[in-house]
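Please read the structure below before turning to the comments.
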Amino acid sequence: MSKRLESIDTLRGLVMVIMALDHVRDFVHRGAMEYSPTDLTRTSPELFFTRWITHFCAPTFMLTAGLGAFLWMQRGRTRADLSRFLVTRGLWLCLLELTVMRLAYNFSFSLQYPLLLIVLWVLGVCMIGLAGLIWLPRPWLWAFCLLAIAGHNLADGIGANALGSLGWAWNLVHQPGAFTIGKVVVFVAYPLLPWVAVMGLGYCIGEWYLLAPERRRRRLTIAGVACVLGFLVVRGLNVYGDPAPWSAQASGTFTFLSFLNTTKYPPSLAFLLMTLGPALLLLAWLDRETPAWSRPLNVFGRVPLFYFVAHFYSAHLAAVLLGFLRYGSRAAGFTFYPVPSMGAPAGVYPADYGFSLGVTWLVYAAIVLLMYPACRWFSGVKSRSGAWWVSYL
């Protein structure tokens with residue numbers, strides 16, 4: 001079991017290292033303050049791929065979270081134990097999103113800024129959902145996950161506005177968007193569907209880890225290849241599977257970018273096939289042999305929550321430092337507000353605020369390097385502690 005867990009930690013660590021690139025870009029890059037990096041009318045191939053490579057992170061992390069839940073239960077625990085753990089951990093993650101992460105995004109708890117329901121929110125809600133789904137017969141759970149992933153785009157035509165006073169519920173379930181609670185604006189970036197199905201799929205795949213290694217690797221490889229081929233077919237037909245069809249552009253390069261430019265919010269069928277396929281193939285490869293160069297990734301993969309929270313604060317602090325280096329004492333008047341890409345009030349930041357893509361990559365590399373010894377230390381703390389609450393960190 002230790003070797004299997006090592007391969008999962010390696011994959012999780014890899015996507016977490018990649019994930020930091022997108023969050024550093026949000027806080028530092030000049031273009032992040034003005035437009036989407038996948039806007040083909042304004043982006044460059046370099047910027048597009050800086051964003052596109054991070055698309056693999058959320059689906060892979062959801063999948064491995066479900067897989068980890070199944071393996072957690074194999075250590076002498078019951079399904080009821082797992083259900084309780086998922087509910088309590090899910091509530092804990094939601095609480096962190098509303099408190100610790102809100103401070104990381106804004107450096108403020110002020111209600112004048114939107115309440116962002118992002119990554120920890122959806123992880124927590126999906127864990128709570130999985131706590132109920134694990135009681136389904138296994139064939140039913142497989143069916144639910146596959147149908148939700150493949151069929152949720154049928155609901156793309158339903159808009160929250162059409163549901164009147166219940167529109168907020170549709171934002172929570174399927175359509176990203178904003179609604180208000182009193183005077184507070186709540187913005188949902190990650191609705192429940194189809195993310196809970198991706199986590200459930202990981203839980204189902206966990207059963208493969210009870211098979212002989214050769215059979216497990218074969219199933220992971222077949223599933224990965226099927227997803228990659230499925231992406232090429234679904235995206236190539238350009239009929240169903242993504243609300244934003246690809247189209248011919250002014251150059252072959254940008255036509256290729258259009259083909260890859262699938263929808264993440266919520267993740268379309270094409271998006272999930274594009275990202276989960278390579279993730280499954282990597283799991284199969286890492287299960288055979290974990291290369292020596294990938295061992296540092298295990299450190300990040302063992303302490304995902306610690307890394308996630310710490311790297312967000314590091315990215316925001318880096319933006320503050322860069323602001324003072326560039327603007328001097330003037331930065332004190334704006335740099336402790338949310339950055340423009342996170343909802344800063346109009347006119348607070350200088351019109352030219354933000355830094356080049358090269359600076360963004362340098363800051364990203366520095367943060368990852370600094371996070372390694374911190375994560376290694378915390379991994380040691382977790383391994384030495386026998387307290388029950390350590391599993392929530």
Side-chain angles (χ1 to χ4, degrees), residues 8 12 15 57-74 77-98 101 115-156 158 160 163 166-177 179 186-207 264-269 271-272 275-276 279 304-305 308 391-392:
I8 296 166
R12 185 187 290 121
V15 297
C57 301
T60 302
F61 201 82
M62 281 289 182
L63 188 80
T64 55
L67 181 52
F70 180 87
L71 295 174
W72 186 90
M73 190 173 62
Q74 305 312 304
R77 300 175 177 113
T78 66
R79 196 157 41 171
D81 292 333
L82 176 59
S83 193
R84 282 191 295 270
F85 176 71
L86 288 171
V87 169
T88 53
R89 184 170 175 81
L91 290 172
W92 170 240
L93 292 177
C94 290
L95 177 63
L96 290 178
E97 183 74 272
L98 300 175
M101 294 311 299
L115 189 63
L116 303 178
L117 300 183
I118 316 183
V119 178
L120 291 190
W121 146 265
V122 74
L123 272 169
V125 173
C126 287
M127 285 182 176
I128 295 169
L130 184 62
L133 290 173
I134 63 174
W135 294 93
L136 291 174
R138 189 54 57 90
W140 292 16
L141 182 54
W142 271 105
F144 165 78
C145 295
L146 294 177
L147 287 174
I149 290 171
H152 81 95
N153 285 120
L154 293 171
D156 289 343
I158 302 173
L163 301 179
L166 293 177
W168 62 271
W170 194 237
N171 290 137
L172 294 175
V173 172
H174 189 259
Q175 180 187 345
F179 57 88
V186 179
F187 181 75
V188 183
Y190 287 81
L192 183 62
L193 286 177
W195 289 116
V196 68
V198 177
M199 188 178 288
L201 184 65
Y203 179 84
C204 291
I205 288 174
E207 199 168 38
K264 181 180 180 180
Y265 304 105
S268 66
L269 170 60
F271 179 94
L272 291 175
T275 53
L276 290 178
L305 182 57
F308 183 86
S391 61
Y392 288 81

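Just so you know, residue 1 is the first one in the sequence shown, and it goes up from there.
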Quick one, Leu201 with Leu146, criterion side-chain contact (heavy atoms from CB on, under 4.5 Å). Give me CA distance, side-chain angles, the key distance, then yes/no.
CA-CA 8 Å; Leu201 184 65; Leu146 294 177; 4.1 Å; yes

Would you sort out whether Phe70 and Ile205 count as a side-chain contact (heavy atoms from CB on, under 4.5 Å), showing the intermediate values?
CA-CA 9 Å; Phe70 180 87; Ile205 288 174; over 6 Å; no

Walk me through whether Leu98 and Leu115 qualify under side-chain contact (heavy atoms from CB on, under 4.5 Å).
CA-CA 7 Å; Leu98 300 175; Leu115 189 63; 3.8 Å; yes

Stepwise side-chain contact (heavy atoms from CB on, under 4.5 Å) check, Ile149 with Val198
CA-CA 7 Å; Ile149 290 171; Val198 177; 4.2 Å; yes

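Taking CD1 of Ile134 as the start and SG of Cys204 as the end, the distance is 11.0 Å to the nearest 0.5 Å. Expressed to the nearest 0.5 Å, how far CZ of Phe271 lies from OH of Tyr265 amounts to 7.5 Å. Remark: Leu133 CG to Ile128 CD1 distance equals 12.0 Å, nearest 0.5 Å. Atom CG of Leu117 sits about 9.5 Å away from atom CZ of Phe187, to the nearest 0.5 Å. Atom CH2 of Trp121 and atom SG of Cys126 lie 9.5 Å apart (nearest 0.5 Å). A distance of 10.0 Å separates CZ in Arg12 from CG in Leu63, rounded to the nearest 0.5 Å.
Here the closest non-hydrogen pair linking Leu86 and Ala69 is CD2-CB, 4.2 Å. The heavy-atom pair separating Leu130 from Gly66 by the smallest distance is CD2-CA, 4.4 Å. The two residues Val122 and Pro191 make their nearest non-hydrogen contact at CG2-O, 3.8 Å. Of all the heavy atoms in Pro59 and Thr275, the pair that sits closest is CG-OG1, 3.3 Å. When all heavy atoms of His174 and Asp156 are compared, the pair lying nearest together is CE1-OD1, 3.2 Å. Of all heavy-atom pairs spanning Ala148 and Ala197, the tightest one is CB-CB, 3.6 Å.
Two residues are said to be in side-chain contact when any heavy atoms from C-beta on lie closer than 4.5 Å; Tyr190 and Lys264 meet this criterion. In this structure the side chain of Ile118 reaches within 4.5 angstrom of the side chain of Glu97, judged on heavy atoms. You'll find the side chain of Leu305 reaches within 4.5 Å of the side chain of Leu120, heavy atoms only. Side-chain contact check for Met62 versus Val196: every heavy-atom pair is 4.5 Å or farther apart. Annotation: side chain of Pro266 is not in contact with side chain of Leu193 (no heavy-atom distance under 4.5 Å). Side-chain contact between Phe308 and Leu123 is absent, with no heavy-atom pair separated by less than 4.5 Å. The shortest distance between side-chain heavy atoms of Leu71 and Ile8 falls below 4.5 Å. Between Met127 and Leu93 the shortest side-chain heavy-atom distance falls below 4.5 Å.
In terms of modelled atom types and a separation under 3.5 Å, the side chain of Thr78 and the main chain of Asp81 share a donor-acceptor contact. Here the side chain of Arg77 pairs no donor or acceptor atom with the backbone of Leu82 at under 3.5 angstrom. No donor-acceptor pair closer than 3.5 Å links the side chain of Thr60 to the backbone N or O of Cys57.
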Can I get a per-line list of side-chain donor-acceptor pairs under 3.5 Å for residues 166-173, giving both atom names and the distance, sequence neighbours left out?
unit_1 : atom_1 : unit_2 : atom_2 : d
Trp168 : NE1    : Ser165 : O      : 3.1
Trp170 : NE1    : Ile158 : O      : 2.9
Asn171 : ND2    : Gln175 : O      : 2.9

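Residues that satisfy the salt bridge (charged side-chain N to carboxylate O under 4.0 Å, His left out) test with Arg138, not counting sequence neighbours, are Glu207.
Counted within 6.0 Å of CH2 on Trp142, heavy atoms from surrounding residues, nucleotides or ligands total more than 12; the atom is thus considered enclosed.
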